[in-house]
Amino acid sequence: MSNLPPKEFMPKHVGLIMDGNGRWARERGLDRSAGHAEGAKVMKRIMDYGHDIGLSAMTFYAFSTENWKRPQHEVDVLMDLFKDYLKEADETKYEREKRGFYLRVIGDISALPLELQLLAKSVQLVMKDKSAMVVNLAINYGGQQEITRACRQIAEEVKKGKLSPKDITEETIESHLYTAGLPAPDLIIRPSGELRLSNFLTWQSAYSELWFDNIAWPDFTPDDLDRAIMDYAKRDRRFGGLSEKDH
């Protein structure tokens with residue numbers, strides 16, 4: 001932590017695409033499920049470290065709306081991992097609240113097994129401490145699906161006469177996203193060597209800084225998060241404007 005930049009140069013919200021679990025397992029002659037199990041351990045470690053260094057929010061991409069296309073055995077393994085994790089998170093939710101961070105599950109949970117749906121709702125406490133860190137676990141999440149959902153909700157409000165089309169703004173759309181109330185992700189991290197966002201935080205990532213690395217997610221460490229943050233701190237974020245050196 002001593003190598004991290006001053007607070008004003010730290011990201012507030014970090015998104016993480018947990019990729020490379022299958023490759024990690026294959027390179028070790030293991031079943032892909034072993035990679036997912038190891039990846040789940042790493043997520044907990046990085047989540048705790050993010051809290052320790054003072055991040056405001058972290059969003060972990062765990063299962064996309066497209067991941068249902070994977071072999072049924074692999075999908076079943078992932079669902080079991082989510083169930084085990086959410087059970088543990090549900091049992092320790094008040095302890096996490098005392099420590100200063102809240103867990104939320106984002107995505108279309110209606111498509112998940114019923115037990116997972118119930119656990120996803122149970123782990124989400126009403127946020128009393130506004131300074132606490134929020135952890136989003138994205139399960140059956142897709143950025144395009146999220147925007148479509150927001151549009152449908154807004155259309156219903158227009159239909160009921162609660163909202164006029166001319167009053168729809170970017171803020172209106174943002175208020176209907178799963179991440180409503182949170183800052184947009186300053187930094188999105190993707191290990192495994194892939195150079196794309198894969199439908200992750202499609203609306204929210206408009207001005208996110210992106211950080212890619214060849215390391216597989218099960219090998220990702222707090223030191224790697226530090227590297228990404230230090231790289232982020234060196235970047236000149238202009239949001240479409242000019243920096244001082246451009247004048």
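Note that the coordinates shown come from a computational prediction; the quantities given were computed from them, not determined experimentally.
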Using 0.5 Å steps for rounding, measure from the [atom1] atom of [X] to the [atom2] atom of [Y].
{"X": "L119", "Y": "K83", "atom1": "CG", "atom2": "NZ", "result": "9.0 Å"}
{"X": "H51", "Y": "Y102", "atom1": "NE2", "atom2": "OH", "result": "10.5 Å"}
{"X": "D80", "Y": "L116", "atom1": "CG", "atom2": "CG", "result": "8.5 Å"}
{"X": "I139", "Y": "L86", "atom1": "CD1", "atom2": "CG", "result": "5.5 Å"}
{"X": "R96", "Y": "K93", "atom1": "CZ", "atom2": "NZ", "result": "12.5 Å"}
{"X": "N140", "Y": "N67", "atom1": "CG", "atom2": "CG", "result": "9.0 Å"}

Report yes if some heavy atom in the side chain of [X] is under 4.5 Å from a heavy atom in the side chain of [Y]; otherwise report no.
{"X": "M79", "Y": "F63", "result": "yes"}
{"X": "R227", "Y": "M230", "result": "no"}
{"X": "E97", "Y": "D129", "result": "no"}
{"X": "R190", "Y": "R196", "result": "yes"}
{"X": "L30", "Y": "E38", "result": "no"}
{"X": "R104", "Y": "V134", "result": "yes"}

Testing the 3.5 Å rule here: is there a donor-acceptor pair between the side chains of [X] and [Y]?
{"X": "S122", "Y": "D90", "result": "yes"}
{"X": "E171", "Y": "T169", "result": "yes"}
{"X": "T172", "Y": "S175", "result": "no"}

Checklist entry - Which of parallel (below 30°), tilted (30 to 60°) and perpendicular (above 60°) describes Y61 and F200? => result parallel
Next on the checklist: What verdict does the side chain to side chain contact (heavy atoms under 4.5 Å, CB included) test give for R45 and F220, after you've listed the backbone C-alpha separation in whole Å, the side-chain angles of each residue and the deciding distance to 0.1 Å?
Outcome noted: CA-CA 10 Å; R45 196 175 305 135; F220 195 86; over 6 Å; no
Is it the case that one hydrophobic cluster holds both [X] and [Y], taking links as side-chain heavy atoms less than 4.5 Å apart, direct or via other members?
{"X": "W211", "Y": "M43", "value": "yes"}
{"X": "L81", "Y": "L112", "value": "no"}
{"X": "M133", "Y": "L103", "value": "yes"}
{"X": "Y85", "Y": "V77", "value": "no"}
{"X": "M58", "Y": "L182", "value": "no"}

Is there a donor-acceptor pair under 3.5 Å between the side chain of [X] and the backbone N or O of [Y]?
{"X": "Q145", "Y": "Y141", "value": "no"}
{"X": "H13", "Y": "P183", "value": "yes"}
{"X": "E146", "Y": "L201", "value": "no"}
{"X": "N136", "Y": "A138", "value": "no"}

To check you understand the geometry: which heavy-atom pair defines the closest contact between [X] and [Y], and what is its length?
{"X": "G39", "Y": "N21", "value": "CA-OD1, 3.9 Å"}
{"X": "Y232", "Y": "M10", "value": "CE2-C, 3.9 Å"}
{"X": "G142", "Y": "T65", "value": "N-CG2, 3.6 Å"}
{"X": "G15", "Y": "P185", "value": "N-CB, 4.5 Å"}
{"X": "W203", "Y": "E174", "value": "NE1-CG, 3.1 Å"}
{"X": "S205", "Y": "I188", "value": "CB-CD1, 3.6 Å"}

Checklist outcome for this item: The side-chain contact (heavy atoms from CB on, under 4.5 Å) partner of W217 among I17, I46, D224 is I46
Checklist outcome for this item: Partner of L187 under side-chain contact (heavy atoms from CB on, under 4.5 Å), picked from I229, L16, L55, L210, is I229
Checklist entry - Can you list the steps and then say if D223 with T221 is a side chain to side chain donor-acceptor pair (under 3.5 Å)? => result CA-CA 5 Å; D223 286 342; T221 68; 4.7 Å; no
Next on the checklist: Between I173 and I154, is the side chain to side chain contact (heavy atoms under 4.5 Å, CB included) condition met? List the steps.
Outcome noted: CA-CA 8 Å; I173 296 173; I154 293 168; 4.0 Å; yes
Checklist entry - Who pairs with R23 by salt bridge (Lys or Arg N to Asp or Glu O under 4.0 Å), at least two apart in sequence or on another chain? => result E27
Item to check | salt bridge (Lys or Arg N to Asp or Glu O under 4.0 Å) partners of R70, counting only residues at least two apart | outcome: E74
Checklist entry - Hey, mind stepping through F60 and M18 against side chain to side chain contact (heavy atoms under 4.5 Å, CB included) and telling me if it holds? => result CA-CA 7 Å; F60 292 87; M18 300 185 289; 3.8 Å; yes
Strictly below 4.0 Å, N to O, side chains only: are [X] and [Y] in salt-bridge contact?
{"X": "D108", "Y": "R149", "result": "no"}
{"X": "R235", "Y": "D231", "result": "yes"}
{"X": "K87", "Y": "E115", "result": "yes"}
{"X": "R28", "Y": "D219", "result": "yes"}

Checklist entry - Going through the checks in order, is the side chain to side chain contact (heavy atoms under 4.5 Å, CB included) test met by K98 and T92? => result CA-CA 10 Å; K98 287 180 182 177; T92 59; over 6 Å; no
Next on the checklist: Check this for me: Q117, atom CD, are more than 12 non-hydrogen atoms of other residues, nucleotides or ligands nearer than 6.0 Å?
Outcome noted: yes
Next on the checklist: Using side chain to side chain donor-acceptor pair (under 3.5 Å), reason through Q204 and T179 one step at a time and then give a plain yes or no.
Outcome noted: CA-CA 8 Å; Q204 300 91 327; T179 55; 2.8 Å; yes
